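Everything numeric here is computed off the predicted structure, so don't read it as measured data. Convention: sequence-line order gives letters A, B, ...; per-chain numbering from 1.
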Number of protein chains: 2
Amino acid sequence: MDVKKTSRLSLVEQVTGQINELIKSGQWAVGYRLPPEPLLSEELGVSRNTLREAIRALVHSGLIVTKPGDGTYVISSSVLGVAIKRRLEESTLLETLEVRNALERETAALAALRRTKSEMQRIQSYLTVCEKAAKANDLESYVEADMALHKSIAEAAHNPLFLELYEHVTEYVHMSIGNMIALYEQLPHRKLVQAIHEKNSILAASAVDEYIEEFRKIIKSTMEE
Amino acid sequence: MDVKKTSRLSLVEQVTGQINELIKSGQWAVGYRLPPEPLLSEELGVSRNTLREAIRALVHSGLIVTKPGDGTYVISSSVLGVAIKRRLEESTLLETLEVRNALERETAALAALRRTKSEMQRIQSYLTVCEKAAKANDLESYVEADMALHKSIAEAAHNPLFLELYEHVTEYVHMSIGNMIALYEQLPHRKLVQAIHEKNSILAASAVDEYIEEFRKIIKSTMEE
DNA sequence: CACGATTTGTACGTATGTATG
DNA sequence: ACATACATACGTACAAATCGT
C-alpha cells in the first residue's frame with residue numbers, strides 16, 4: 001500500500017512540499033498571511049506539531065516568516081530566489097552586474113528571434129511609457145516602466161528558466177542600488193526595441209551592451225561620491 | 001550586552017551557519033560523516049534538540065542527509081548549487097543549455113580581457129591534453145580535460161560569482177547528458193583559446209557560440225534517436 | 001542468524017524569554 | 001503595567017533503525 005511511500009517521504013516533507021507548491025504557484029502570494037496553525041493543520045490533515053515543523057523548515061529556507069502573536073507571512077515565492085539573493089549578498093555590485101549583463105544580453109538576443117506580434121506590441125507600449133516618464137522627469141514611474149520593459153523582453157525570449165534567473169538577479173540589483181539610478185539616455189532602449197522589432201539578435205545584443213556600459217558608468221561615478 | 005544580538009540571530013540559526021561554513025569551506029567535504037549528535041552538540045555547546053533542528057534545516061536545504069541508525073552525511077557543499085539543480089530538474093535540456101551558453105560566452109569574453117600569464121599557460125596545457133585525448137579517442141579523459149579547460153577559462157574571468165553559477169549549471173548539464181557526448185570538432189576550442197591568448201573578447205565570444213552550436217546539433221541528433 | 005552497540009527519531013516536561021493586546 | 005500566548009532552549013527518556021561481530 002502506501003506504507004513504503006510514506007516511509008520514503010516523511011509527513012513533514014509532504015506538508016513542506018504542499019505549502020511550497022501553494023507559494024510557488026502564486027495561490028499564496030508574497031505578503032499573504034497563512035491561516036492560523038490549528039486551522040491549517042486540520043485542513044492538511046496533520047497534527048499541529050507536524051505542521052509547525054514544516055513551517056520551521058520553510059522559515060529556514062527563507063520563504064516565510066513567523067511573527068509571534070501575529071501570524072506567519074509569505075515573504076518570497078522561490079527558494080532559488082532566496083538562494084541567489086543570499087549568494088549575491090556576498091558579492092560586489094560590479095560582479096553581480098556582469099552576471100546580469102550576460103543574462104540580459106542573451107534574453108534580448110533570443111527575444112529578437114522569438115518574439116510574437118503581441119509581445120512586440122507590449123514591448124513597444126512599455127517603451128513609450130518609459131520615454132514619457134523620462135521626459136516628465138518622473139523617476140518613480142520611469143523605474144517602474146523600465147523594469148516592466150525589460151521583463152517583457154525577457155518573457156519574449158520564451159525560456160522560463162532564463163526569465164526566472166534574470167528576474168532574481170535584477171531584483172537584487174534594483175534593491176541594492178535603490179533609487180540612485182538616474183534617468184539615463186534613452187537612445188539605447190530605442191535601439192534595443194527596434195532590433196527586436198527587426199528580429200535582429202546581433203543588434204539587440206550590442207544594444208544591451210551599450211546601455212549596460214552607460215549604466216556601469218553611472219554606478220561607478222555614484223560610488224566615487 | 002549580548003541580549004539584543006541573541007534575539008537577532010537564534011541559536012539554531014547560529015549553529016546552522018556554523019555547520020554551513022564548515023561544509024562550504026571544505027573542512028567537511030562531500031561524503032564526510034558528521035560526528036554523532038550527542039558529541040557534536042557538546043562540542044558546539046548547545047543541546048541536542050537545538051542541534052537537531054539545525055540539522056533538519058540543512059537536510060531540507062539539501063546539504064546533508066541523515067540515515068537513522070547510521071549517521072549524518074554531507075552530500076553537497078553549496079546551497080545555491082542544490083537550489084539551481086532542483087530548478088534545472090524541471091527545465092528542458094535545451095533551456096538549460098541556453099543559460100549555460102550565456103554564462104560561458106561571457107566568462108570567455110571576460111577571460112580574454114583579464115587572464116594573467118600563468119592562467120593562460122594553464123588553459124593552453126589543458127587544451128593540449130584535450131586534443132591528445134581526442135586524437136587517441138579516449139572519451140573519458142577527453143571529458144575530464146574538457147571540463148578542466150572550461151573551468152580554467154571561467155576562473156580567468158576573475159568573477160567568483162560567475163564561476164560558481166557556471167560550475168553549477170555545467171555540472172548539471174554533464175550529469176543529465178551522461179556520456180552521450182561525442183568527441184566533437186576541436187577547431188572551435190583552438191579558436192577560443194587563441195582568442196583569449198590575443199585578449200580578443202569579441203572573437204572569444206563568437207568562438208563559444210560556434211562550438212555551442214556544434215554541441216546543440218549533437219544533442220538534437222542524439223535526442224532524435 | 002541473532003544479538004548488542006551505536007545512532008538517529010520521537011515524545012514529553014520545564015524553565016525562561018518575548019511580543020501582543 | 002500586567003497577563004496571556006507563543007517561541008526558544010534544554011534535559012531526559014525511550015523507540016526504531018542500522019551495522020558489525
Side-chain angles (χ1 to χ4, degrees), chain A residues 1-19 28 31-76, chain B residues 1-23 27-76 82:
Chain A
M1 313 297 260
D2 292 351
V3 211
K4 298 234 163 167
K5 282 187 180 175
T6 318
S7 68
R8 290 202 133 211
L9 225 68
S10 80
L11 205 60
V12 176
E13 282 170 2
Q14 290 179 38
V15 174
T16 310
Q18 282 183 50
I19 299 178
W28 289 2
Y32 175 77
R33 175 177 153 165
L34 273 66
E37 290 179 5
L39 183 70
L40 188 54
S41 66
E42 196 190 349
E43 280 178 3
L44 295 173
V46 296
S47 80
R48 187 156 173 263
N49 264 358
T50 307
L51 173 63
R52 281 185 59 75
E53 237 178 79
I55 287 180
R56 294 186 97 145
L58 289 168
V59 169
H60 284 135
S61 63
L63 284 194
I64 60 181
V65 283
T66 60
K67 296 186 179 176
D70 183 1
T72 58
Y73 295 85
V74 178
I75 54 170
S76 175
Chain B
M1 309 297 260
D2 292 349
V3 212
K4 300 235 165 169
K5 282 187 180 176
T6 319
S7 68
R8 290 205 129 208
L9 223 67
S10 78
L11 245 186
V12 175
E13 283 170 15
Q14 289 177 38
V15 173
T16 310
Q18 280 183 51
I19 298 178
N20 201 347
E21 275 303 315
L22 282 167
I23 295 174
Q27 290 179 58
W28 288 1
V30 172
Y32 176 77
R33 175 178 152 164
L34 273 65
E37 290 177 4
L39 182 70
L40 188 54
S41 67
E42 197 189 349
E43 281 177 2
L44 295 173
V46 296
S47 78
R48 187 170 162 233
N49 271 345
T50 306
L51 172 65
R52 280 187 57 75
E53 207 181 322
I55 286 181
R56 277 213 304 265
L58 290 168
V59 168
H60 183 255
S61 63
L63 284 194
I64 59 182
V65 283
T66 57
K67 297 186 180 177
D70 184 1
T72 307
Y73 297 86
V74 177
I75 57 169
S76 176
V82 174

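By the neighbour-count criterion of 12 heavy atoms within 6.0 Å, atom CD of Glu42(B) is sparsely surrounded, having that number or fewer from other residues, nucleotides or ligands.
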Letter by letter from the 5' end, nucleotides 8-14 of chain C scores (B base, S sugar-phosphate only, - none; protein heavy atoms under 4.0 Å) BBBB---
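Checked against salt bridge (charged side-chain N to carboxylate O under 4.0 Å, His left out), Glu37(B) has the following partners two or more places apart in sequence or in another chain: Arg48(B), Arg52(B). For Gln27(B), the side-chain hydrogen bond (donor to acceptor under 3.5 Å, both in side chains) partners two or more places apart in sequence, or in a different chain, are Ser25(B). Partners of Glu21(B) according to the salt bridge (charged side-chain N to carboxylate O under 4.0 Å, His left out) rule, which considers only residues two or more places apart in sequence or in another chain, are Lys24(B).
Axis angle between the ends of the helix from dA2(C)-dT21(D) to dG21(C)-dC2(D), five pairs each and rounded to 10 degrees, works out to 20°.
Screening residues 28-48 of chain B for ring pair (Phe, Tyr, Trp, His ring centres under 6.0 Å), with sequence neighbours left out, gives Trp28(B)-Tyr32(B).
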What pairs of donor and acceptor atoms, side-chain ones from residues 63-73 of chain B against any protein atom, are under 3.5 angstrom apart with sequence neighbours left out?
from, atom 1, to, atom 2, distance (Å)
Asp70(B), OD1, Tyr73(B), OH, 2.9
Asp70(B), OD2, Tyr73(B), OH, 3.3

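For the pair Glu42(B) CD and dG11(D) P, the interatomic distance rounds to 10 Å; values are reported in whole Å. Distance, Leu11(B) CG to dG11(D) P: 12 Å, rounded to whole Å. Atom pair Leu40(B):CG and dC10(D):C1' shows a separation of 16 Å (rounding to whole Å applied). Residue Gln14(B) contributes atom CD, which lies 8 Å from atom P of dA9(D) at whole-angstrom precision.
The OG atom of Ser47(B) sits 9.5 Å away from the CD atom of Glu53(B) when rounded to the nearest 0.5 Å.
When atom types are taken as modelled, the side chain of His60(B) and the backbone of Arg56(B) share no donor-acceptor pair closer than 3.5 angstrom.
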